[in-house]
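Residue indices begin at 1 and follow the sequence shown. For the numbers below, each heavy atom of this structure counts, side chains included, while hydrogens, waters and symmetry mates do not. Given the structure is predicted, the values throughout are model-derived calculations rather than measurements.
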Amino acid sequence: MGRRLLGIWFPRLASEASLRRRPVEGPFALVLRVGNADQLHCLNPDALAQGLHPGMALANARAICPDLSTRPADPAADGAALASLRRWAMRYSPLVARDGGDGLLADITGVAHLFGGEAELLADLQDGLLRAGLSAVAAIAGTRAAAHALARHGGGIVPDGRLAQGVMHLPVHALRIDGETAAALGRAGLTHVADLTALPRAPLARRFGADLMMRLDQLLGHQPEPVAAEPDAPHFGVRMTLPEPIGLRDDVMAGLERLLGRLCDHLSHHQHGARRLRLELSRVDRETVTVEIGLARAMRDPDRMAALFAHGLDDIDAGFGIEAMRLTAPRTEPLAPGQMAMDQAGQGGDALADLLSRLGNRLGFDAVLRFLPVESLIPERSFHLAAAAYSCGTRGFAWSGPARPLRLFPPQPVTPTSEPRPGTPPAGFIWQGQVLTTLRAGGPERIAPEWWLDDPDWRTGLRDYWRIQTHQGPRLWLFHTPQDPGWQVAGEFA
């Protein structure tokens with residue numbers, strides 16, 4: 001038996017996938033931004049019946065069809081839909097590859113008899129896609145190029161051994177050549193594959209290029225073209241079916257520990273770490289209880305993961321018993337193998353990650369924040385808040401400038417008890433109802449506003465900051481603005 005290839009073309013995949021998520025009545029189209037203009041990207045049959053077509057300007061389309069409903073095209077969602085269809089199509093073949101952005105190609109050599117023949121396989125394929133609400137055209141031929149071309153020009157089956165006769169009617173642009181070459185062939189009166197095969201090869205190659213002959217050879221099977229099926233992403237999930245239903249928390253923890261060990265081995269094999277874990281407990285009454293935890297950083301340590309599940313398992317309802325357990329890692333990250341940390345710094349890093357995981361599972365990971373430094377001399381802009389679970393710490397970061405207060409707050413005015421001498425801080429002042437006197441002073445540190453940012457608090461211009469140690473104890477950060485005389489407190493040292 002010769003090689004048999006199945007080509008599937010989804011002419012309206014993008015629009016039909018979008019309508020499956022949110023149905024719309026009447027003419028509908030997805031719109032794609034091309035340059036400075038919006039163009040129709042994919043249309044449903046009602047829009048096509050109105051005379052609209054892909055590539056048409058949206059303004060022209062609305063003039064023809066005022067009732068047209070539109071949505072922005074989402075290429076990422078289209079790719080995800082095609083990936084799901086590729087996995088579904090593996091019921092017909094273990095080798096299924098994408099064929100552009102709107103098609104699939106499968107090697108079904110030696111498979112068709114399992115469905116009763118190639119015609120029955122195509123009928124089963126069409127029925128499945130029709131039930132899913134997807135339009136598709138499929139074809140079976142002896143080469144990849146022929147299956148691709150036939151699927152986009154009517155479909156059908158080319159019997160084994162009759163490849164040449166089955167593709168002669170195809171137009172020349174079905175050879176996957178560029179538009180300029182196809183137009184040149186049309187001007188020369190060569191509009192179908194049969195026209196090309198009737199002519200000598202050498203003059204065709206000289207006039208239209210070697211790429212045309214390569215595509216023709218691929219179509220007719222004279223040059224091989226393999227099906228390169230992309231590898232499936234690893235699935236990080238394990239399950240356990242119990243011989244007898246269980247209901248005690250300790251029994252569930254024992255089963256969970258066994259699942260965690262297997263899952264972590266699988267993660268280690270693929271050099272990944274889990275960031276989210278989901279435990280599904282199937283009860284005898286067909287109900288499912290789910291416990292889900294997040295992790296502050298990628299890990300594959302079963303003991304530390306089990307400790308994070310302990311709180312969630314306290315609240316589960318086992319009903320009449322749990323008969324199956326399934327543990328999955330829906331979110332993972334690459335995690336290269338590394339030497340176990342034996343020093344206090346490594347142990348402290350693990351302890352911090354576990355603390356962030358516990359707090360994040362109770363409060364929400366977006367609610368646990370950390371301060372991160374920012375390249376700015378302006379004190380109020382020298383840091384920002386970030387979710388601790390999704391940001392890295394600043395180990396090794398050291399501020400090389402003058403000392404900064406432990407606590408910063410909005411500037412608060414102070415009242416000098418006597419007029420200070422120029423270039424020196426006040427000898428005494430009143431702040432928050434306290435009369436304070438200066439013991440020692442360090443400075444000044446002049447800070448200029450960042451001219452590229454319009455901050456209302458810095459519109460007064462330069463500031464001269466002083467570190468003030470008072471007789472009464474508080475160590476304050478005072479500043480004076482030469483352009484706007486007056487003293488204010490901006491922070492307090494430890």
Legend entry - Shortest non-hydrogen contact from Met168 toward Thr197: SD-OG1, 3.6 Å
Inset, instruction - Identify the two heavy atoms, one from Pro245 and one from Phe320, that lie closest to each other, and give their separation to 0.1 Å. - result: CB-O, 4.4 Å
Inset, instruction - Look at atom CZ of Arg20 and say whether more than 12 heavy atoms of other residues, nucleotides or ligands are closer to it than 6.0 Å. - result: no
Inset, instruction - Inspect the surroundings of CZ in Arg33 and state if more than 12 heavy atoms from other residues, nucleotides or ligands are less than 6.0 Å away. - result: yes
Inset, instruction - Using a 4.5 Å cut-off on heavy atoms from C-beta on, say whether the side chain of Cys264 contacts that of Met305. - result: yes
Inset, instruction - Rounded to the nearest 0.5 Å, what's the gap from CG on Leu327 to CZ on Phe309? Could you check? - result: 5.5 Å
Legend entry - Side-chain donor/acceptor of Asp160 to backbone N/O of Gly2, under 3.5 Å: yes
Legend entry - Point-to-point distance, once rounded to the nearest 0.5 Å, from CE of Met253 to CG of Leu260: 8.0 Å
Legend entry - Atom of Leu104, atom of Ala89 and distance for their closest heavy-atom approach: CD1-CB, 4.2 Å
Inset, instruction - For Ser15 and Cys42, indicate whether the former's side chain and the latter's backbone hold a donor-acceptor pair under 3.5 Å. - result: no
Legend entry - Pair Arg12 + Glu16, salt bridge at N-O below 4.0 Å: yes
Legend entry - Arg249 atom CZ: more than 12 heavy-atom contacts under 6.0 Å: yes
Legend entry - Residue pair His153 / Pro171, side-chain heavy-atom distance below 4.5 Å: yes
Legend entry - Any Val111 side-chain heavy atom under 4.5 Å of Arg4 side chain: no
Legend entry - From Leu150 atom CG to Ile157 atom CD1, the distance as rounded to the nearest 0.5 Å: 10.5 Å
Inset, instruction - Supply the atom-to-atom distance Glu225 CD to Arg176 CZ, rounded to the nearest 0.5 angstrom. - result: 4.0 Å
Inset, instruction - Could you tell me whether a side-chain N or O of Arg262 sits under 3.5 Å from a main-chain N or O of Arg239, the two making a donor and an acceptor? - result: yes
Inset, instruction - Check the pair Leu185, Leu196 against side-chain contact (heavy atoms from CB on, under 4.5 Å), reporting the backbone distance first and the verdict last. - result: CA-CA 9 Å; Leu185 289 169; Leu196 299 178; 4.0 Å; yes
Inset, instruction - Spell out, as yes or no, whether a donor-acceptor pair under 3.5 Å connects the side chain of Arg278 to the backbone of Pro330. - result: no
Inset, instruction - Considering non-hydrogen atoms only, spot the tightest contact between Leu263 and Ala329 and give its length. - result: CD2-CB, 4.4 Å
Legend entry - Close side-chain approach of Leu267 and Leu335, heavy atoms under 4.5 Å: no
Legend entry - Note: Asp99-Arg152 ion pair, threshold 4.0 Å (strictly below): yes
Inset, instruction - Specify the closest pair of heavy atoms between Ala73 and Leu32, including all atoms of both residues, with the distance to one decimal. - result: CB-CD1, 3.9 Å
Inset, instruction - Going by the salt bridge (charged side-chain N to carboxylate O under 4.0 Å, His left out) test, name the single residue among Arg275, Arg300, Arg276, Arg297 that passes it with Glu333. - result: Arg275
Inset, instruction - Say whether, by atom type as modelled, one donor and one acceptor occur between the side chain of Arg86 and the main chain of Val96 under 3.5 angstrom. - result: yes
Legend entry - Between CD1 on residue Ile8 and CG on residue Leu125, distance to nearest 0.5 Å: 4.5 Å
Legend entry - Check against side-chain contact (heavy atoms from CB on, under 4.5 Å), Leu13 and Asp78: CA-CA 7 Å; Leu13 175 62; Asp78 301 343; 5.7 Å; no
Inset, instruction - Identify whether the distance between the nearest side-chain nitrogen and carboxylate oxygen of Arg91 and Asp124 falls below 4.0 Å. - result: yes
Legend entry - Thr143 side chain vs Leu220 backbone, donor-acceptor pair below 3.5 Å: no
Inset, instruction - Would you mind reporting whether Leu199 and Leu190 have side-chain heavy atoms less than 4.5 Å apart? - result: yes
Inset, instruction - Indicate the atoms forming the closest heavy-atom contact of Val193 with Val167, along with that distance. - result: CB-O, 3.6 Å
Legend entry - Minimum side-chain heavy-atom gap Leu19-Val24 below 4.5 Å: yes
Inset, instruction - With the side chain counted from C-beta on, respond yes when Cys65 and Leu52 share a heavy-atom pair under 4.5 Å apart, and no when they do not. - result: yes
Legend entry - Value rounded to 0.5 Å, distance of CG in Leu256 from CZ in Arg258: 12.0 Å
Inset, instruction - Indicate yes or no: at least one non-hydrogen side-chain atom of Leu279 is less than 4.5 angstrom from one of Leu277. - result: no
